[in-house]
Amino acid sequence: MLDLFTEQILFTEQISSALCSGSAMASCRNVPSRGIANVEGGRQIGLVSTKPTRHSFRNSGVGRKIPRSSASRFAVTRRLIAIKAVSIIDAPAQSSSRPSNLEQELRDLKILQAKLRAAETQREKNQIINQQRRVASFLERNETLKDLLDFESLEERQFYLLKCLVAIGQEHVLLVEQSWLDLKQGPENGGQSRCSSPLKNAIYALLSMIENWEKTGNYAKSPTFLNLKIGENSVKTVNAKNKSCKEEISHAMDKLLSTLEDVETFYDCIGGIVGYQVAILELILASKNEWHSLSSQYHQDFSDASSLNEFHVPLGPDLSKNIEYAAQAAVWGIEGLPELGEVYPLGGSGDRLGLIDKETGHSLPVAMLPYCGRTLLEGLIRDLQAREFLYYKTYGKQHITPVAIMTSAAKDNHKHIMALCEKHDWFGRGRRSFQLFEQPLVPTVDAEEGKWVKSEPFKLVLKPGGHGVIWKLASDKGIFDWFYSHGCRSATVRQISNPVAATDVTLLALAGTGLRNGKKLGFASCQRSVGASEGVNVLLERNTMAGFWEYGLTCIEYTEFDKLGIIDAPVSPGSVQAQYPANTNVLYVDLATVERIGSSKSEASLPGMILNLKKPINYEDYLGVKHSIYAGRLECTMQNVADSLFTSFPYRCFSKVQENLDTFIVYNERRKVTSSAKRERKAMDKSLHQTPDGSLLDIMRNAYDLLVSCNIQMDKVEDNTLYLNSGPPFLVFLHPALGPVWEVIRQKFRGGSIANGSELQLEIAEFSWVDVQLDGSLIILAKNIMGFEKSSENEDAMLHYGQQCGKCRLQNVKIENKGVDWKSSENVYWQHKVDRLETVKIVLHGNAEFDARDVVLKGDHLFEVPDGHRLQITTGDSGLSSTMEPLIDEMSICGSWHWKYMLHDSHFNLEMVQL
């Protein structure tokens, strides 16, 4: 039995087909226009106005209309537009042209999608799919293919999946080229071996194509499919001469079926395989401005004021300017740490980084990028541990935050991340504090017709489906229940490619604001440059057909600007700063809220569906020929879960509306919020944007800002162009546990200088710097930075925060050495991989301590202090005087001194306690 909504869709498609005929088109051309909306589950979905979009900037008191571009006339996004089927008959036809092939394909698939979604059993679905002419025709035309693929041995569900593939027009995936069969048979059975030369392979493929054309006489066939129908002789040859060939086919078919099952199951909320292709075609047509069935024919001409949509600059506290609020919000964040989880979407393939394992030659995922001396994933864990250490030092309580990591199979992402965690013994957090859940890979499609890209028969070119699948996947995999079992009600979310998101108070203030005010979703944002390839955060105001006003913060991808009529204009004439702030994907989420959306079994569980066809996809076929084509895949954007969190009002709100919304935003300096390492910098590339090099320079600029505020003299980091010629002016790497809040770090550093060309690396938390002059290289490595690890027979090693850690005090110390060899061609600064001529290196084992006062350390020095000892360096009669002594009694556990953290009026005050 079809439900009412499905009946409406089917009825609408019948009407739309009739409208495409000449008589029907002519009969409805003069029907008055009327607004079109969609009501889903009793809640009205918002609209995109197709009249000129009004952009208001109420914070500046300026309101103006901005003319829409031609691309925005038929603005369509799956997030912001829907069509009410029962109203579509009253909509006017704007064009008498017949629908394109893609449009007709979309109409047919939407009817099939509606029928399949209405089916209650697999048997009903089978009956529906068997009635598709394309499926019946394919099976009739490919009898020998059925034998080769052994269709009769397939389970009912598996056969259904293959039929779905054919029904959506992707039968080419199942067709076998003769050249592929020859390769699989091997030379010992009369086949061909894979040539070492791609040129020879290409020539072989061309000969196969010519042979196929001679047999079929069809020169119009796409050269991608060399032999569309396999003769009986070929099949018998395969069976008789080489059973392994059929086994390979069976193995390839198993992988294809696994992929199809993943797509059918995960995208069940939009209709599985058929729904996936429907979404693809809708987005392709929208990008081509050819969506006549939903735009030209049924064009919305919302001419009255009740159909208004406006984008506004969202208002929120600026942490870089409102210092008192930043301090207070950070305290709220550290207080609420036991209620917070951490979420890392690490499933991206990171193709633009070109990261290769030098030993194996295999591609590596982004998480494995060696950045500043460690992988990016290790950097995220260090940031988290620093916040936990701050919590311990402030409240004297141990807490381990649960971490959920979304991985994927791309570039063996899941395996690499699992291996990295095991290698580091789960970072002293225990296996139970981690949950890894793998996102499915999805088919890529070409930019013209939405054909699924294959590299060989049965083998699709697959990519991760974007980080927006995280909410539905987390619901499917029980991640939310796991968080609840750890006492979490909220979480912070950050991407692996952004190493600066936890700088100073950014993450703590974001989480603190959300927790304190009971918000559902929050964004950490910053300035954005005009023309940057970045999405934006906006406050969307829309008037519904029912007369209500809806408000909410959301995100617009830069690829959607034209469609929505958004002008990427400066905040003021002549400025390079864009009017809308950057979307950084640094988020705060209320877990129960995003779980409700992720488990909704509706399109809302896949927020912000987009199809980016502007970037090439590279792959290698079975002949070794490399291809680069414009293609994409259906992607979701995790931040657009905000589109389900709009707040309705019975009237229009002109001020302070954001105070009453479920969504919020906080701002900070850009380099304290985002500086991504997403792409490899080529040798002649002068732009450092989104490269590890550019991100490193932002970290150096942050270090400069911090240390100068501690009255330490040092040279400023100049323009990026200087880096291209001579590298950074200095290298300063500070362990986040020194703070991570800068207010804490400022009390550990006082006075002194760092000369240009110096290197400072501090892997330590209990540290004091007073009037130190550094001209060269200083490296301090504490083996126990924040405490000690303890393990038992049946449990993983666990990090226990406390005073049993390395400590170092430097007072009135001058360090002079040759330091880094800045002329070395082997230096890779963003990896912190440098050659040194001389250095002062201090290594502290266990709870060892190092004290130096009133001394000059010239040249190369290595000081290594064993566990339970203190090394004191002073000036003696004949030079340096060193004293090594054991720590006894209470000092053997807590050390001879430590920093005591206290809160006073939302500020951290430190006091050095000496035993």
Looking only at side-chain N and O atoms, does Asn618 offer a donor or acceptor that is under 3.5 Å from a partner on Ser628?
yes
Taking the six-membered ring where the residue is Trp, are the ring centres of Tyr392 and His399 under 6.0 Å apart?
no
SB check Arg374 Glu763 (cutoff 4.0 Å)
yes
Does this structure show an ion pair linking Arg117 with Asp268, if we count only N-O contacts that are shorter than 4.0 Å?
no
CA sep, side-chain torsions, deciding dist, call: Glu339, Ser490, side-chain hydrogen bond (donor to acceptor under 3.5 Å, both in side chains)
CA-CA 6 Å; Glu339 299 180 73; Ser490 304; over 6 Å; no
Does any donor atom in the side chain of Glu261 or Thr265 lie under 3.5 Å from an acceptor atom in the other side chain?
yes
Does Lys614 qualify as a cation-pi partner of Tyr630, given the criterion of NZ or CZ under 6.0 Å from the six-membered ring centre and within 45 degrees of its axis?
no
Output yes when Arg679 and Asp685 qualify as a salt bridge under the 4.0 Å nitrogen-oxygen rule, no when they do not.
yes
Non-neighbouring partners of Tyr558 that pass ring pair (Phe, Tyr, Trp, His ring centres under 6.0 Å), sequence neighbours left out
none
Indicate the atoms forming the closest heavy-atom contact of Ser675 with Asn498, along with that distance.
N-OD1, 3.2 Å
For Ile597 against Ser644, the heavy-atom pair lying closest together:
CD1-CB, 3.6 Å
Would Glu388 and Tyr801 count as having a side-chain donor-acceptor pair, cut-off 3.5 Å?
yes
Residues Glu635 and Arg633 bridged, charged N to O under 4.0 Å:
yes
Using the rule given for side-chain hydrogen bond (donor to acceptor under 3.5 Å, both in side chains), can you reason through Ser455 versus Asp621, listing the C-alpha separation, both sets of side-chain angles and the distance that settles it, and then say yes or no?
CA-CA 4 Å; Ser455 58; Asp621 66 21; over 6 Å; no
When every non-hydrogen atom of Glu560 is compared with those of Ile556, the smallest separation belongs to CB-CG2, 4.1 Å
Looking at Lys451 and Asp446, is there a salt bridge between them, counting it only when a charged N and a carboxylate O are closer than 4.0 Å?
no
So for atom CZ, which belongs to Arg157, do other residues, nucleotides or ligands contribute more than 12 heavy atoms lying within a distance under 6.0 Å?
yes
Is it true that Glu534 and Lys678 have a side-chain N and a carboxylate O under 4.0 angstrom from each other?
no
With no hydrogens and no angle check, do the side chains of Glu438 and Thr407 hold a donor and an acceptor under 3.5 Å apart?
no
Leu611 to Gly632 - nearest heavy-atom pair and separation
CD1-C, 3.9 Å
Which atom of Gln639 lies closest to which atom of Leu587, heavy atoms considered
CA-CD1, 4.1 Å
Test of ring centre spacing under 6.0 Å for His486 and Phe483:
no
Is it the case that the side chain of Ser433 and the backbone of Gly430 share a donor-acceptor pair, with hydrogens and angles ignored and the cut-off at 3.5 Å?
yes
What verdict does the side-chain hydrogen bond (donor to acceptor under 3.5 Å, both in side chains) test give for Thr554 and Asn640, after you've listed the backbone C-alpha separation in whole Å, the side-chain angles of each residue and the deciding distance to 0.1 Å?
CA-CA 6 Å; Thr554 188; Asn640 282 108; 3.3 Å; yes
Between Asn585, Thr674, Asp383, which is the residue that forms a side-chain hydrogen bond (donor to acceptor under 3.5 Å, both in side chains) with Arg494?
Asp383
Before giving the answer on side-chain hydrogen bond (donor to acceptor under 3.5 Å, both in side chains), spell out for Tyr619 and Glu456 the whole-Å C-alpha distance, their side-chain angles and the decisive distance to 0.1 Å.
CA-CA 11 Å; Tyr619 68 95; Glu456 60 181 82; over 6 Å; no
Here the pair of heavy atoms bringing Arg429 nearest to Ile381 is CD-CG2, 4.1 Å
